[in-house]
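A short write-up of the structure that comes next.
Both backbone and side-chain heavy atoms feed into the values below; hydrogens, waters and symmetry mates do not. Quick caveat: nothing in here was measured; it's all calculated off a predicted structure.
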Amino acid sequence: MRMLVINGDEVSELLTMEACITLMETALKDLSAGQAEQQLRSVVPVREGGLMGLMPAYLIRQEIVGAKLISVFPHNHDRGLPSHQGIITLFDATTGAVNAVVDGRRVTAIRTAAVSAAATKLLAKPDARTLALIGTGEQARSHLEALLLVRPIERVRAWSRSAEHAQQFANEMSARYGKRLEIVACGSAQQAVLDADIICTLTSSTTPVLDDAWIAEGAHINAVGACRAKDRELATAIVQRSRLYVDRRESAKGEAGDYLIPLQEGVIGQGHIIGEIGEALLGRVEGRTSDKQVTLFKSLGLAVEDLAAAAYIFEQAKQQGKGTPIAF
């Protein structure tokens, strides 16, 4: 038997952000429509706040089954290493044969931002021009790329707990995008989100990094960083005030501290979740209904997203002669 091993550089070559946004919209619609299946991720805690996760899923129409195996070590940033590392394995759903092993880090970086872009297309005001990025790591770079594809962004405000990292990000992105964007490193999270139309929280924080008083009317928030029931990036009042959408209800009710903690505090009820992004894409639930609403997308990351991206990469690799064939 033979399979393809596809490395991170090849993932970046084969999966454009524009293509990934479309892939994620389809995957989320399929999941909400019952055309894909997945289980909650299985997580093993590791020392110093790290974890090892297993994320299995089945794409029915594509006849693909597989899983992402991923490690999340938040303190790796202090070591100069990526916080998320892993692989995605693809199997043929008809024969059970192993088709490919794909670098999970690059897929995660691209598809996470693509999902946020899909949510932003649905929920942010059409004329949103000011973007706040809370956190300036790999996800900030990919989110900036993705959101530029779906809204007419002109101004970017970035904040990190490390002022050096924030300035480095601003310099790097200014060089990349030139005069198209005004990109500023801010001294505080409050300054970064002031009058922002779109806010992305992309941190490893386990406690809130934003307060409700800082959030402007009509803002859209993509809350991406916290992925455990006891962790959150947003103050309770932000969640209470917002129209809340999730990638998957089951996942949010098991893993999303940004939802679960306000629920446990009795500030919101079970019905506070308006719906899944897939349901909104299918027209089953309403999106934004006024320019004054604050909308919130809580992203946890789903196995179907990883498989949809990896399956596309596998097909592109076969067509373009990429990847390393391995006999086993």
Side-chain angles (χ1 to χ4, degrees), residues 24 28 32 112-126 128 130-135 139 143 146-147 150-151 157 189-190 192-203 205-229 231-265 267-281 284-302:
M24 295 304 100
L28 291 167
S32 292
T112 303
V115 172
S116 292
T120 301
K121 280 175 68 176
L122 278 170
L123 300 175
K125 292 183 294 185
T130 302
L131 168 65
L133 297 171
I134 307 303
Q139 280 298 336
H143 271 73
L147 295 182
V150 299
R151 285 296 183 269
R157 309 285 184 257
Q190 181 177 4
V193 301
L194 181 67
D195 296 327
D197 301 308
I198 304 168
I199 299 166
C200 299
T201 55
L202 311 162
T203 75
S205 180
T206 59
T207 57
V209 293
L210 296 183
D211 286 334
D212 182 54
W214 307 346
I215 310 300
E217 262 189 2
H220 170 65
I221 304 169
N222 296 308
V224 178
C227 60
R228 294 184 290 190
D231 299 343
R232 59 174 171 166
E233 295 180 298
L234 306 178
T236 291
I238 297 175
V239 182
Q240 182 183 20
R241 173 186 175 192
S242 301
R243 284 177 63 85
L244 172 62
Y245 300 80
V246 298
D247 44 17
R248 186 65 166 166
R249 279 189 177 86
E250 182 184 19
S251 298
K253 291 176 180 179
E255 301 171 344
D258 280 304
Y259 164 70
L260 291 169
I261 294 171
L263 184 67
Q264 292 161 2
E265 292 171 346
V267 172
I268 62 173
Q270 294 278 355
H272 195 69
I273 295 175
I274 301 297
E276 297 174 353
I277 291 298
E279 293 173 323
L281 286 164
R284 295 179 179 176
V285 299
E286 274 194 307
R288 172 183 292 275
T289 59
S290 88
D291 284 347
K292 293 187 176 181
Q293 288 171 342
V294 174
T295 53
L296 167 60
F297 169 53
K298 177 55 200 170
S299 173
L300 287 166
L302 303 177

Donor-acceptor pair, distance only, cut-off 3.5 Å: does the side chain of [X] make one with the backbone of [Y]?
X    : Y    : value
E276 : R249 : yes
K253 : Y259 : no
H220 : K121 : no
R157 : L194 : no
R241 : I215 : yes
S242 : L244 : no
R151 : A124 : yes

Closest approach of [X] and [Y], non-hydrogen atoms and distance?
X    : Y    : value
A235 : D211 : CB-OD1, 3.9 Å
A117 : L147 : CA-CD2, 3.8 Å
A189 : W214 : CB-CZ3, 4.0 Å
A229 : G254 : CB-O, 3.9 Å
L122 : A280 : CD1-CB, 3.8 Å
S116 : V224 : OG-CG2, 3.7 Å

side-chain hydrogen bond (donor to acceptor under 3.5 Å, both in side chains) involving T236 - partner list, sequence neighbours excluded =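 By the side-chain hydrogen bond (donor to acceptor under 3.5 Å, both in side chains) rule, T236 matches R232, E265.
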Residues forming a side-chain hydrogen bond (donor to acceptor under 3.5 Å, both in side chains) with D247, sequence neighbours excluded =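 For D247, no residue satisfies side-chain hydrogen bond (donor to acceptor under 3.5 Å, both in side chains) once neighbours in sequence are set aside.
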Hey, are the side chains of D258 and L296 touching, using non-hydrogen atoms and a 4.5 Å cut-off?
->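 Side chain of D258 against side chain of L296, heavy atoms only: no contact under 4.5 Å found.
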Looking at side-chain heavy atoms only, is the closest gap between S205 and I134 below 4.5 Å?
->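 They are not in contact (no side-chain heavy atoms under 4.5 Å apart), so the answer is no.
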About how many Å separate [atom2] of [Y] and [atom1] of [X], when rounded to the nearest 0.5 Å?
X    : Y    : atom1 : atom2 : result
K298 : C227 : NZ    : SG    : 7.5 Å
D197 : T130 : CG    : OG1   : 5.0 Å
L300 : R248 : CG    : CZ    : 12.5 Å
T289 : I274 : OG1   : CD1   : 8.5 Å
E286 : R243 : CD    : CZ    : 6.5 Å
I221 : T295 : CD1   : OG1   : 7.5 Å

Between the side chains of N222 and S299, does any donor sit under 3.5 Å from an acceptor?
->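 No pair is found: no donor N or O on one side chain lies under 3.5 Å from an acceptor on the other.
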Polar side chain donor-acceptor pair, E279 to S32, under 3.5 angstrom =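 Result is no, nothing qualifies.
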Mind running side-chain contact (heavy atoms from CB on, under 4.5 Å) on V115 and I277 for me, showing each step along the way?
-> CA-CA 9 Å; V115 172; I277 291 298; 6.0 Å; no
Counterpart residues, side chain to side chain contact (heavy atoms under 4.5 Å, CB included), relative to A113 (two or more places apart) |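 With neighbours one apart ignored, the set is M17, Q139, S142, H143, A146.
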Please lay out, stage by stage, how Q270 and L263 fare under the test side-chain contact (heavy atoms from CB on, under 4.5 Å).
-> CA-CA 7 Å; Q270 294 278 355; L263 184 67; 4.0 Å; yes
Is there a side-chain contact (heavy atoms from CB on, under 4.5 Å) between L302 and L28 once you walk through the steps?
-> CA-CA 9 Å; L302 303 177; L28 291 167; 4.0 Å; yes
Could you tell me whether Q264 atom CD has more than 12 heavy atoms of other residues or ligands within 6.0 Å of it?
->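 Yes, the 6.0 Å shell around CD holds more than 12 heavy atoms from other groups.
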